[in-house]
Student: 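Take this structure, written in structure tokens, and hold onto it; I'll ask about it next.
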Amino acid sequence: MSKTTATGRAGTADPRRFLDPTVVGGLERLDLTARLVAEGFLTGLHKSPYHGFSVEFAEHRQYMPGDPIRHVDWKLFAKSDRYYIKQYEEETNLRAYLLIDTSGSMLFQSEPAPGAAAHPSKLRYSISLAAALSYLLVQQQDAVGLLTFSDHVHRLVPARSSATHLRLVYREMELEARRALTGKGITEKTFDDVRPDVRSGSGAAPAASAETAGPRTTKIGANLDFLADRIPRRGLVMIMSDLWDRDEAAVLRALKHFRHRQHEVVLFHVQDPAEAEFPYREEGIFIDVETGERLNVLPWEAAKEYQRMLDARVQNYKRACAEQNITYERVLTRTPYDVALLRFLEKRQRMH
Amino acid sequence: MGPFAFLNALFLAGLAAAALPILIHLFARRPARDVVFPSLEYLREIASKRVRRVRIKQWLLLALRVAIIALFAIAMGRPVLQGNASDLTRGSSTVAIILDNSYSLGASLPMDDPRQGEAGALLDAAKQRAEEVLGLMTDEDRGLLVLAGRPVSAPFQTPVTSLGLLSQEIARAEIVPGRADLGAAIAQVTPVLAQARTMNKEIFVISDFQQQDLEDWAKGATPRGTLASRLGLIGEAYADSGVAALVLPEGVRLYLVPVRTTAIDNVSIERVRFDPAGSGGRGRVVATVVNHGVEPVRDRLARLIPEVAPDAVFSVVPGGRTDVEFVLSQLPSEGAVEVRLGSDLLEYDNRAWVVTGEASTPRVWVVSDGGVGGAGASGGAEFIATALDPLGGGEFFQVRTVGPDALSDPAGIDAQVVVMLDVPRLSDQAVESLGRFRARGGGILIALGERTDPRYYNTQVLSKLSSIELRNVVRDEGAGTYRTLRPIIASHPAFAGFGLGPGEELGSARYRQIIEAHAGADARVLAEFSGNLPAVVEDNGVVLFTSSLDGSWNDFPTSASFLPFVHQLVRSLATRAGADRAALVVGSVLEASLPQGAVNPPVTCVDPLDGRTAVQTTPIDALTRLRAPATTLPGLHRFVDDSGRTVAAFAVNLDPTEGELSLASTDLRTRVFGRAAQQIAAGETITRDLLEGRYGRELWRWILGLVLLLLVAETLLARGRALA
């Protein structure tokens, strides 16, 4: 499979790529790559783990050749000596919601290690992953919806299962990415374009606003909690976020809220290699991409403690998710998203 | 040095390098670059917890780095901390031991000396003192040994750390037959000590500190321009006054360790000569004996070896001298005899040698150009010839009267002495012949007269044979002026037998004419007339009598002293070659000039211990000049040619001044060595005195250890960054 990522250009680190007309006009590319990934999975004779997921029994119908044997109601056969197939209410209507964090921190993209391929931003990575999942779901007649959020919910696309709806989802993903990029830049090279006030040294973080220029701030817990109440019926909720929210408890409560409403939750903890491994060696002025806050950091003094704190958060989420029967997946953006996706799907396949 | 000092202060310039870490911190730091990061949530929290700790750590690292460089520079400067002396705080030392092994240290210890049972001679006692000095040294110290007996020698050119080696060389040191040269010995060690990089630098002079040695030194016996004076050892301020003060390099301490504090009575042979014509033809040996002690010497025995004469008995008053005469019954077959005195505490100077050679009456040529003489009708030459051989049988001298032309005869001058009486002219050949004659040991007596032209003699004769110059003619009218003749150098062989002291009269006579003579650089006045007119002037075998000997200018021949005076003068010239050889002391170069053909080269010098060295032979005109290196042994030395024949013999004796065993006073020692020299009394141990002088501790090791610890600390403290 091609290593072409959703960005369209392997190794490109320029966040303006989203504004590139060829990319913007190439929604089909997202569709195409997502389709390729999903079909690749399917070609590998992997069955969707989400097929027939709903457990609510609706009625019986008479068995017809070609029906899956596993759906035969053997108890009824024992009673009636006839073959009947169980039909479930939502058998062909799994509702999946993709919740994508579009806060400023998701736009972060570090320089690749020498000799290594470039990796995308967390947002682009998440979008690519979500796009592939969307395709897979729609292929199997499942409905997919999209919600984006940062400090508030930005977009809500209801769950539908048509191909047209899928294109709509892709478009919204791209639009959201573009909107998230308003202000142009999330790397050191372009940061002065993004945050002229930060570059001047004021360091003051502006008030969060969905429509103001500049990276969005994060309120994961609050927004997830909000969404938990608004997603109708139960379904599959796949959250893609870097989980940079100080209020971990709020996030975990929100996740619990989803479970309380009978949703299955998959949490993709998307991380850039730099924030996961903290490879910095030289003294630097670290700038918070969301708030613009500046901090003089001696990496050799901070690395160990940072790693400990990060590992603690990861373990905390793992443990909490396990307790709530939530799937927790930690992915690094240097891992090609298709590889990450296939690993995830295979794991799911084994579990079910 | 103050309480805290540096041995290598130059290295302290390295302290400037301690500013490097500060400069690097200030100017070489790269500005922190901007790093965009997703969230400062964790970093903020970490920074708030650790910022103070990080700052302290950074300052500590800077301080450590500055301290490491500074301390290293200080350690290189070799700091020393001075304080009260004890074994715990001793610093390293460079010690020079100057051991006097001149022959005065060969004196036995007096019976009443408490060290009598432990050491036989003074040198043994001196070695014990040297071992005491070694006993104070440790493995950190370095030592140097110099033996001060002439010639000054040193087993090691640079200080050694092996105390065993030093002890071995001290034990091996032996008495040398020479005087002590403490000045040269000190001059040899001071440059080494000046360059030593130890805390302590010490010189120990272990000697008997003879008065004569120090007086010679104090009087500037070390000539200007020598190494010793160039080193500033003889203080310029004192040199002109004749008093020397030793100036030592900075930081060098001097300790004087006398090996005896009491005088030792000693009798020594000052001089010995052989008179071949004395007492009937066999010759006699006369030894001049000196009593250096304070007690009279009575009836002490003196003997000749081989015993070719009966033993003699002599007595000498304290401070006096006497001649001991041996009349030879036969000539020794070796051609030399040894005079040996009875035992005293210093045996070395109780022996002396003299070459006897062949005993025959000297042959004398009386050269005259004829003319009217003085007394007698035979003319001047006949007059002198009769005076020298009155009986005509050659009992005293074999005299031949010749004219000036005989001097030009290529056959050479077959005589030991040529007496020139009023010879008006000499050919160039004759003058050259006289020069060769003089060079091979012959003696020339020149007497003036009416026909003597002073100007001619100055330009054609005297200037070619000597440095004597004739000047004014002193003429007294009438019968002349009574003038006395008195020796200036009473000990000269020309006056032997007269028993005169300096200033005493030999005789008087009327003198009508005297030519005033000037003694040049190499000449000396042996006797003078009253009125301070030189009478007898000598220059290396040429003797000038400044008046006439034939009675033409004076009535000296009528004086009772005339005959013995002429005899002794001629005899002293006749034995000049032998006398010169008898005056050799240890350290003299042996030289002899012999007619060509008389020697079959190669020639070897055989010393008293039968050691052999090559003799340099050089043909000069009709002579062969033989020369051997400086002697190191007293006794009989012989030049032996290829046929095994002894062609020349030399009697080499000790320098008699070393036999004067008087001790230098404390005042004299202070004058010579300076007030800074510490004089250790004989009864005091060196240990106690020395520890009071050694003090302090070198700190560089401690500081380097501290630098090492700081380096480890810096590495550990900075490790976090390296591992990050």
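The sequence lines fix the lettering, A, B, ..., with proteins before strands; numbering per chain opens at 1.
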Student: Can you see which heavy atom on A:M309 is nearest to which on B:I46, and at what distance?
Tutor: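 That would be SD-CG1, 3.8 Å.
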
Student: Mind checking the OG1-CZ spacing from A:T291 to B:R44? Nearest 0.5 Å is all I need.
Tutor: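 The CZ atom of B:R44 is 6.5 Å from OG1 of A:T291, to the nearest 0.5 Å.
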
Student: Under the side-chain contact (heavy atoms from CB on, under 4.5 Å) rule, what do B:L40 and A:R294 come out as? Steps first, then yes or no, please.
Tutor: CA-CA 8 Å; B:L40 296 186; A:R294 300 166 72 89; over 6 Å; no

Student: Count the heavy atoms of every other residue, nucleotide or ligand shown that sit under 6.0 Å from CG of B:L23, and state whether that count exceeds 12.
Tutor: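 For B:L23, atom CG is crowded (more than 12 foreign heavy atoms under 6.0 Å).
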
Student: If you round to the nearest 0.5 Å, how far is CG of B:L43 from CD of A:E305?
Tutor: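 That separation rounds to 10.5 Å.
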
Student: Can you name the nearest heavy-atom pair linking A:L295 to B:A47, along with the distance?
Tutor: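 In this case the closest contact between A:L295 and B:A47 is CD2-CB, 4.1 Å.
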
Student: Give the minimum heavy-atom separation between A:R246 and B:E41, together with the two atoms involved.
Tutor: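 In this case the closest contact between A:R246 and B:E41 is CA-OE2, 3.6 Å.
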
Student: Check A:F108 against B:V36 and note the closest heavy-atom contact, atom names and distance.
Tutor: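 Shortest heavy-atom contact: CE1-O, 3.0 Å.
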
Student: Name the region of A:K122, side chain, backbone, both or neither, that has any atom closer than 4.5 Å to a heavy atom of chain B.
Tutor: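 A:K122 touches chain B through side-chain heavy atoms alone.
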
Student: Can you name the side-chain hydrogen bond (donor to acceptor under 3.5 Å, both in side chains) partners of A:E248, sequence neighbours left out?
Tutor: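 side-chain hydrogen bond (donor to acceptor under 3.5 Å, both in side chains) check on A:E248 returns A:R313, A:N316.
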
Student: So which heavy atom on B:P38 is nearest to which on A:S105, and how close?
Tutor: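 It is O-CB, 3.7 Å.
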
Student: Verify whether the ring centers belonging to A:Y306 and B:F37 lie closer than 6.0 Å.
Tutor: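 Here the rings of B:F37 and A:Y306 have centres that are less than 6.0 Å from each other.
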
